[in-house]
Amino acid sequence: MLQQTLEEGRKLADSALERLLPPAEQYPPSIHGAMRHSVFAGGKRLRPILCMEAARMVSGALPIGVEELGAALEMLHTYSLIHDDLPALDNDDLRRGRPTCHKAFGESTAILAGDALQTYAYEVLSRLRASAESRVRIIEETARATGTVDGMIGGQVMDLQAQHTRADAATLEYIHRSKTAALITACVVTGGIYAGADEAAVNNLREFGRSIGLAFQIVDDILDVTQSSEQLGKTAGKDTVTEKATYPALFGIKESAAMADELVDSACERLDAFGARAETLKALAHYLVQRKN
């Protein structure tokens, strides 16, 4: 059932992205080709799937149009990857098994492709088939999650500053909760808001997202030192080479894996109030720490 959920969710997200993004031949074609190169590079679409399944759990069925919310969140995620791979940041040549955007299209076009995906995502969010109040809340949640205060950009800044240092546990947790967990949290929270979740449900989804988001990044740190580039679809061992602050570097692989498992168990407890409707979302949470890439 989980594999079916992943496959159906990926197809639904891909279909929405195909429909929403400008075609590659749309003038000017260079920027639209670069955007599509990175968006359709074979990602698992975990963020839109988490968004859609949170909405399904809250409403009992998949709400009409929620895949467009998931697509917008995937655009934001892809923008962050394009910029993360740039020479000024992680300087990576490989993403999802293919050349990174700046390698395929040049650095200037890659910067603009990331910018374009970010701005277009908010255009999509503004047109969601939800009430005006829900759209505003969704846009606020998403903007905060990708911003500088406890958000993705703030986490990226601290990640860069922590390189070549012996970051302590508090700094490391801040980096991971901001750089990775904040957007994952926004995915489940905005999915819940789209489906009409009350405040108690939103709070449970927020704590669920914070825990699985941190667990996801801990596992990413582990995979970077245990898997090959071919398995990961990106350059393995980069964290060690650049002396990044990571959980395996600070705690070791075994303890890091145990911490990720504990976070997922804690996350799933926050969904108990939803009863049987939470089973798929709980299964997805466990998948995040069991994956191999």
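Since the structure is predicted, the reported quantities are computational estimates derived from the model, not experimental observations.
A distance of 5.5 Å separates CZ in F208 from SG in C268, rounded to the nearest 0.5 Å. Note: M57 CE to R277 CZ = 7.5 Å, rounded to the nearest 0.5 Å. In this structure, CG in L89 is found 9.0 Å from CG in D85, a value given to the nearest 0.5 Å.
For the pair T146 (side chain) and T142 (backbone), a donor-acceptor distance under 3.5 Å is present. A donor-acceptor distance shorter than 3.5 angstrom exists from the side chain of T100 to the backbone of D92, with no hydrogens or angles considered. R135 places a side-chain N or O within donor-acceptor distance of the main-chain N or O of S126, the cut-off being under 3.5 Å. With hydrogens and angles disregarded, no donor-acceptor distance shorter than 3.5 Å links the side chain of D224 to the backbone of D220. Between the side chain of T165 and the main chain of A162, a donor-acceptor pair closer than 3.5 Å is present. A donor-acceptor contact shorter than 3.5 Å is absent between the side chain of S178 and the backbone of G155. Side-chain N or O atoms of T5 include one that pairs as donor or acceptor with a backbone N or O of M1 at under 3.5 Å. With hydrogens and angles ignored, the 3.5 Å screen pairs no side-chain donor or acceptor of R210 with any backbone N or O of A182. No side-chain donor-acceptor contact under 3.5 Å links S38 to the backbone of M35.
The closest side-chain heavy-atom distance from D84 to K179 is below 4.5 Å. When side chains are defined from C-beta on, L128 counts as touching I138, because their heavy atoms get closer than 4.5 Å. Counting heavy atoms from C-beta outward, L76 and L117 have side chains that stay 4.5 Å or more apart. Counting only heavy atoms from C-beta outward, the side chains of V58 and Y194 never approach each other to under 4.5 Å. The shortest side-chain heavy-atom distance between R56 and M52 does not fall under the 4.5 Å cut-off. By the 4.5 Å heavy-atom criterion applied to side chains, L46 and F216 are counted as neighbours. At least one side-chain heavy atom of L6 sits less than 4.5 Å from a side-chain heavy atom of Y287.
A salt bridge does not link E141 with R137: none of the charged nitrogens is closer than 4.0 Å to a carboxylate oxygen. Comment: R19 engages E68 in a salt bridge, judged by a side-chain N to carboxylate O separation of less than 4.0 angstrom. A salt bridge links R36 to E18: one of the charged nitrogens lies within less than 4.0 Å of a carboxylate oxygen.
Connection of V124 to L21 is established within a shared hydrophobic cluster, with ILVMFWY side chains joined at heavy-atom distances below 4.5 Å, either directly or through further cluster members. No path of Ile, Leu, Val, Met, Phe, Trp and Tyr side chains, each step under 4.5 Å between heavy atoms, connects I175 with I218, placing them in separate hydrophobic clusters. Linking Ile, Leu, Val, Met, Phe, Trp and Tyr residues whenever their side-chain heavy atoms come within less than 4.5 Å leaves V136 and L125 in two separate clusters. No continuous path of hydrophobic side-chain contacts links L214 to M158 [ILVMFWY only; heavy atoms under 4.5 Å]. Taking hydrophobic clusters as Ile, Leu, Val, Met, Phe, Trp and Tyr residues chained together by side-chain heavy-atom distances below 4.5 Å, I212 shares a cluster with L284.
Scanning both residues, A215 and A260, for their nearest heavy atoms gives CB-O, 3.7 Å. In this structure, A195 and A55 approach most closely via the heavy-atom pair CB-O, 3.4 Å. A pairwise comparison of heavy atoms in L20 and A71 identifies CD1-CB, 3.8 Å as the closest pair.
Each of E67, E7, E74, E53 was evaluated against R45; a single residue qualifies, E74, per the salt bridge (Lys or Arg N to Asp or Glu O under 4.0 Å) test.
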Give the C-alpha distance, both sets of side-chain angles, the deciding distance and a yes or no for side-chain hydrogen bond (donor to acceptor under 3.5 Å, both in side chains) between E8 and Q4.
-> CA-CA 6 Å; E8 290 179 353; Q4 182 179 346; 2.9 Å; yes

Carefully, step by step, assess D221 and Q217 under the rule side-chain hydrogen bond (donor to acceptor under 3.5 Å, both in side chains).
-> CA-CA 6 Å; D221 287 356; Q217 186 56 55; 3.1 Å; yes

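Checked against ring-ring contact (aromatic ring centres under 6.0 Å, His included), H32 has no partners two or more places apart in sequence or in another chain. Checked against ring-ring contact (aromatic ring centres under 6.0 Å, His included), H176 has the following partners two or more places apart in sequence or in another chain: Y247. Contacts of H37 classified as ring-ring contact (aromatic ring centres under 6.0 Å, His included), with partners at least two apart in sequence or in another chain: F105.
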